[in-house]
Amino acid sequence: GDSVTQMEGPVTLSEEAFLTINCTYTATGYPSLFWYVQYPGEGLQLLLKATKADDKGSNKGFEATYRKETTSFHLEKGSVQVSDSAVYFCALNDGGSYIPTFGRGTSLIVHP
Amino acid sequence: EAQVTQNPRYLITVTGKKLTVTCSQNMNHEYMSWYRQDPGLGLRQIYYSMNVEVTDKGDVPEGYKVSRKEKRNFPLILESPSPNQTSLYFCASRLGGDNQPQHFGDGTRLSIL
């Protein structure tokens, strides 16, 4: 079956540091890939997505590139802010199944 | 404003007392889902619905019921809640198509004593 593996957290950074959160996946089909963000006390919200190989999703300074050859979708940001502190989820939708597959989430803590 | 609305946001109740968590979306989405979120376990899907009167089990359906009588509403029913159902619950909806993201409600924190 499908699976999504994210690096375990928490990831702790100082403000303005570079962020990478790794995400790799296995899928039977040709999935669409997503990053969601969950701020404290809130539901998940879409951060960015990519639907085919080599697509780059971007939003709010975050980027991720769909790498089919390495089955990866790593999230990056060049300079994090305290307000980026949240839990980040990598996810996929595979045409073979309605049920989306989520990673376990990675907590990001950014210190001033 | 496009949104998924869950109620209640918080509930403390006792074992065996039936409860319903409501979910409503105003985006005319076909698909709706319920998830629970537990520390260390991430998000797990409980039930999903692909359209009115069409529902199916997710990964952890035991102890839960759902119904989809109208497109906008997808209530989650706990007929006889137990302490192991203490969790944070999310409702989500989306359009059909693999490139469509989920839209989540703000969550319902249930405590079953």
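Residue numbering restarts at 1 for every chain, and letters A, B, ... go by the order of the sequence lines.
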Got a sec: does the [atom1] of [X] have more than 12 other heavy atoms crowding it under 6.0 Å?
X	atom1	result
B/Leu113	CG	yes
A/Glu42	CD	yes
B/Tyr10	OH	no
B/Arg44	CZ	yes

Given the rule that I, L, V, M, F, W and Y join up when any side-chain heavy atoms are under 4.5 Å apart, are [X] and [Y] in one cluster?
X	Y	result
B/Leu110	B/Val4	no
A/Val80	A/Leu47	yes
A/Val87	A/Val4	no
B/Tyr89	A/Tyr36	no
A/Met7	A/Leu75	yes

- Message: Taking side chain as everything from C-beta outward and backbone as N, CA, C, O, which of these in A/Tyr30 sits under 4.5 Å from a heavy atom of chain B? Side chain, backbone, both or neither.
- Response: neither
- Query: What part of A/Glu8 lies closer than 4.5 angstrom to a heavy atom of chain B: side chain, backbone, both or neither?
  - Reply: neither
- Task: Answer whether the closest heavy-atom distance between the side chains of A/Pro100 and B/Tyr35 falls below 4.5 Å.
- Result: yes
- Message: Do A/Gln45 and B/Pro101 make a side-chain contact, defined as non-hydrogen atoms from C-beta onward lying under 4.5 Å apart?
- Response: no
[X] side, atom [atom1]; [Y] side, atom [atom2] - distance, nearest 0.5 Å:
X	Y	atom1	atom2	answer
A/Arg104	B/Leu43	CZ	CG	11.5 Å
B/Arg94	A/Leu46	CZ	CG	12.5 Å
A/Asp55	B/Asn99	CG	CG	10.5 Å
A/Gln38	B/Phe90	CD	CZ	4.5 Å

Can you say whether [X] sits under 4.5 Å from chain A via the side chain, the backbone, both, or neither, judging by heavy atoms?
X	answer
B/Gln37	side chain
B/Arg9	side chain
B/Tyr31	both

- For chain A, find which of B/Gln102, B/Gln45, B/Met50 contributes the most heavy-atom pairs closer than 4.5 angstrom. B/Gln102
- Message: Determine whether a donor-acceptor pair (N or O, by modelled atom type, separation under 3.5 Å) exists between the side chain of B/Asp106 and the backbone of A/Gly41.
- Response: no
